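Heads up, the thing below is written out as structure tokens.
Quick caveat, the model's predicted, so the values are computed rather than measured.
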Amino acid sequence: MTQSNPEPLLSLRDLSVRFRMEGGRTVAVDSVDLDLAPGEVLGIVGESGSGKSQILYALMGLLASNGEARGEACFDGQDLFTLSPRLLDRVRGSEISMIFQDPMTSLNPFMRVGDQLAEGLIVHQGMSKDAAKAEAVRMLDRVRIPDAASRARRYPHEFSGGMRQRVMIAMALLARPKLLLADEPTTALDVTIQAQVLDLMAELGRETGTAIILVTHDLGVVARLCDRVMVLYGGRVMEEAQAEALFDTPSHPYTKGLLAAMPRLETELTPRLGTIPGTPRSAGREVAGCPFVARCEVRLPICTTARPTLRGVAGLEPSRRTACHLTGAPA
């Protein structure tokens, strides 16, 4: 977090997400704390089922009907979890935008794409219909939709999967929000378009001070776009650090495993990439110790019984925090 922005735009305290199931309550996110400064880009990484997307859904008030978010989510001075539905809708339409992972289920199949983009500008920013449609076309062009004016008059089913994702990105950026939540925003895009979209998101942040939380499994995307990284496993934060420092000197055994599975241009090509033994832990009941203990190759006896606290690491930068009995010695 930069010194010029001492007050966070978003502050999460003890955020937990639970789901009511037939066998009891399932924990998807477990006591997550987070501060995000204006203009900062935070990447949340981890394997499928680690709780990454549920953090975003909780902030947007979009959890499934059997889901419940607890804790505090202070955004720009107001707790999102205490807002009425009407006030939350106002915040979601003008100050917080989200790019969803599946564009086909997020776009209205019965509305032309241009009308869907323009609707938010008309409702939340009071633009005229003509001005809103013109702005929608301009944004479609910025996310590299070819022949944007003509495409704006088409329906979602007339777009490819990658183009629908770009439409969703354009829709999120149109409001010029203070906070952009992006759930795997470049999954359906080829490498060239992916780079263009990431550059566009970074440009928006520089122009408007928009903060971004990027959920992704792609560490290459994190390296390109993010200032800071949060590593999640089993709903808990395993490690948090500045992006460059995390890639250079990972501290938590889980982070090391993720990076070992990532090909790097600066290293020699090996026959096989590294792997993490075992299978990812799915959402379930709270565990007493570390959720990664069953797959950790350097575990200690205490790891099965005592929950490691997230704290500084001796010899590493002050902003580094790690939840590990082995490496989490006080800085």
Establish, from distance only, whether the side-chain atoms of Tyr155 and Gln116 form a donor-acceptor pair under 3.5 Å. no
Partner of Pro253 under side-chain contact (heavy atoms from CB on, under 4.5 Å), picked from Val298, Thr322, Leu258, is Val298
Do you know the tightest heavy-atom contact between Leu179 and Phe75? CB-CE1, 3.8 Å
Straight-line distance of Phe247 CZ to Leu219 CG, nearest 0.5 Å: 5.0 Å
Taking every non-hydrogen atom, the tightest pair across Tyr233 and Thr279: OH-O, 3.9 Å
Between Thr26 and Arg18, is any pair of side-chain heavy atoms under 4.5 Å apart? no
Could you tell me the separation between the CG atom of Leu34 and the CD atom of Glu240, rounded to the nearest 0.5 Å? 6.5 Å
I'd like to know whether Asp183 forms a salt bridge (charged side-chain N to carboxylate O under 4.0 Å, His left out) with Lys52, so could you lay out the CA-CA distance, the side-chain angles of the two residues, the decisive distance to 0.1 Å, and finally the verdict. CA-CA 8 Å; Asp183 188 10; Lys52 306 184 300 297; over 6 Å; no
Hey, is the main chain of Met163 close enough, under 3.5 Å, to the side chain of Arg144 for a donor-acceptor pair? no
With salt bridge (charged side-chain N to carboxylate O under 4.0 Å, His left out) as the test, would you mind laying out the steps for Arg228 and Glu40 before giving the verdict? CA-CA 8 Å; Arg228 192 157 50 95; Glu40 185 178 23; 2.7 Å; yes
Starting at CE of Met201, measure out to OG1 of Thr210 and round the result to the nearest 0.5 Å. 10.0 Å
So with a 6.0 Å cut-off around CD of Glu244, is the heavy-atom count from everything else above 12? no
Test Glu119 against Lys133 for salt bridge (charged side-chain N to carboxylate O under 4.0 Å, His left out), laying out the working first. CA-CA 9 Å; Glu119 184 178 43; Lys133 285 188 173 183; over 6 Å; no
Any side-chain donor near an acceptor of the partner, His217 and Glu47, under 3.5 Å: no
